[in-house]
Amino acid sequence: MSIGETLAEERQRAGLSVTQVSLQTRIRETVVRSMEADDFSACGGNFYARGHIRSISRVIGIDPEPLVAEFDAAHGGAPQPVSAVSAFEPEQPIAFRERRSPNWTAAMALALALVVVYGIVQVVGHGGGGERRTARQVAGTPAPSASSAAPAAPKSSAPVAEAPRTKVEVRVEAKRATWLNVQGDKGKSLFSGMLREGDQKSFTAEKKVRLVIGVGGSVNLTVNGKDLGSPGKGKGVQRLTFDRGDPQSA
């Protein structure tokens, strides 16, 4: 019997279907059926065909080696082992550069040449050490002094501009018990709750600070370092907004 006939007959004798063999070996059913028909082209090559023969043989309970030997005889023989030397030896020899020691003689000659060139530049640049005079001095006109060469810049009496603020700072001091809600940028909650008499709170934000005070005149406010006193005295709920400029309520 051929290899495929042997695999099919022993599978049936083991009471296994093609689907069961496929599930246990993880070989597609179409490949198993092709192998049982002696068509090994679907295996993807002789190497994989040998592996499939061994996997199926183990599942159906037979020795795979006689079938593998028969397959090798029919398909050009088993692959020859490759020695480690031939596997790792490059086809072309690799040339390694020999590391050379530094040429100190050339380096010293270059340094000496640089010193000589520097000395020549110094001598030529100073004109041999002779005295230099300007065209004004030759004509008999004294050169202008440093004090009279350029008029002194007038002193500015304008005040120095104050640097812009980078955040809003609000300080709250409770004169009596009141409810307070504070929000920062994009409605971020900074505080919400009751203040008792004498409580002090400080809040900062990048652009704006919004306050809702339960009772007008119940707190003292200091915004960006400026005392605003007690806004809304004698009135009800106070809604105030402050930015980085001068304290402004809205």
Side-chain angles (χ1 to χ4, degrees), residues 1-121 166-168 183-192 204-208 244:
M1 290 190 298
S2 65
I3 298 175
E5 292 173 344
T6 302
L7 293 176
E9 181 177 340
E10 294 297 332
R11 173 181 60 78
Q12 295 171 1
R13 183 176 299 175
L16 298 174
S17 65
V18 174
T19 302
Q20 291 173 326
V21 172
S22 175
L23 291 175
Q24 294 187 45
T25 60
R26 296 187 179 181
I27 302 172
R28 297 195 306 270
E29 293 184 26
T30 55
V31 176
V32 176
R33 290 192 177 94
S34 297
M35 292 176 63
E36 290 184 353
D38 291 312
D39 180 8
F40 298 95
S41 59
C43 296
N46 294 346
F47 175 81
Y48 295 102
R50 295 184 186 93
H52 291 349
I53 292 173
R54 288 189 173 92
S55 298
I56 296 174
S57 298
R58 294 190 187 98
V59 170
I60 63 180
I62 63 175
D63 184 11
E65 296 309 321
L67 298 180
V68 173
E70 183 178 348
F71 177 85
D72 290 338
H75 294 81
Q80 297 297 323
V82 181
S83 64
V85 175
S86 61
F88 293 99
E89 183 180 7
E91 295 182 359
Q92 297 180 353
I94 301 175
F96 293 93
R97 290 186 178 181
E98 182 181 357
R99 187 174 181 181
R100 299 180 180 179
S101 59
N103 193 340
W104 295 109
T105 303
M108 292 179 64
L110 178 60
L112 181 60
L114 292 176
V115 171
V116 172
V117 172
Y118 177 78
I120 294 174
V121 171
T166 59
K167 60 183 178 179
V168 188
Q183 294 182 352
D185 299 326
K186 298 181 180 179
K188 180 181 179 181
S189 178
L190 302 180
F191 178 80
S192 181
T204 60
E206 185 177 352
K207 294 182 179 180
K208 289 186 178 182
R244 289 180 292 189

Quick check: do I27 and V21 have side-chain heavy atoms less than 4.5 Å from each other?
no
Do R54 and V68 make a side-chain contact, defined as non-hydrogen atoms from C-beta onward lying under 4.5 Å apart?
yes
Salt bridge (Lys or Arg N to Asp or Glu O under 4.0 Å) partners of R28, counting only residues at least two apart:
none
Contacts of E70 meeting salt bridge (Lys or Arg N to Asp or Glu O under 4.0 Å) (sequence neighbours excluded), chain-then-number -> none
Mind checking whether Q24 and L16 have side chains closer than 4.5 Å, heavy atoms only?
yes
Just verifying a value: how many Å separate R33 CZ and T30 OG1, rounded to the nearest 0.5 Å?
8.0 Å
Is the backbone of A205 close enough, under 3.5 Å, to the side chain of D185 for a donor and an acceptor to pair up by distance?
no
Using 0.5 Å steps for rounding, measure from the CD1 atom of I56 to the OG atom of S22.
9.0 Å
May I ask you to say whether R244 pairs ionically with E206, meaning some side-chain N is under 4.0 Å from a carboxylate O?
no
Might you point out which heavy atoms bring S57 and D63 nearest each other, and give the distance in Å?
CB-C, 4.5 Å
Please tabulate, for the side chains in residues 39-47, all donor-acceptor contacts under 3.5 angstrom to protein atoms that are two or more places apart in sequence or on a different chain.
from: D39; atom 1: OD1; to: S41; atom 2: N; distance (Å): 3.2
from: D39; atom 1: OD1; to: S41; atom 2: OG; distance (Å): 2.7

Quick check: do V168 and K208 have side-chain heavy atoms less than 4.5 Å from each other?
no
Do T25 and H52 touch side chain to side chain, with heavy atoms closer than 4.5 Å?
no
In this structure, OG1 of T6 is separated from CE of M1 (nearest 0.5 Å) by 4.0 Å
Consider side-chain contact (heavy atoms from CB on, under 4.5 Å). Of R11, Q12, E5, which one does E36 pass it with?
R11
Using 0.5 Å steps for rounding, measure from the CG atom of L114 to the CG atom of L110.
4.5 Å
Should the heavy atoms of other residues, nucleotides or ligands under 6.0 Å from CZ of F191 be counted, would the total exceed 12?
yes
Using side-chain contact (heavy atoms from CB on, under 4.5 Å) as the criterion, point out the one residue from I62, V59, L67 that pairs with E10.
I62
For the CG atom of L190 and the CD atom of Q183, what is their distance to the nearest 0.5 Å?
8.0 Å
To the nearest 0.5 Å, atom CZ of F71 lies from atom CD of E65 at 13.5 Å
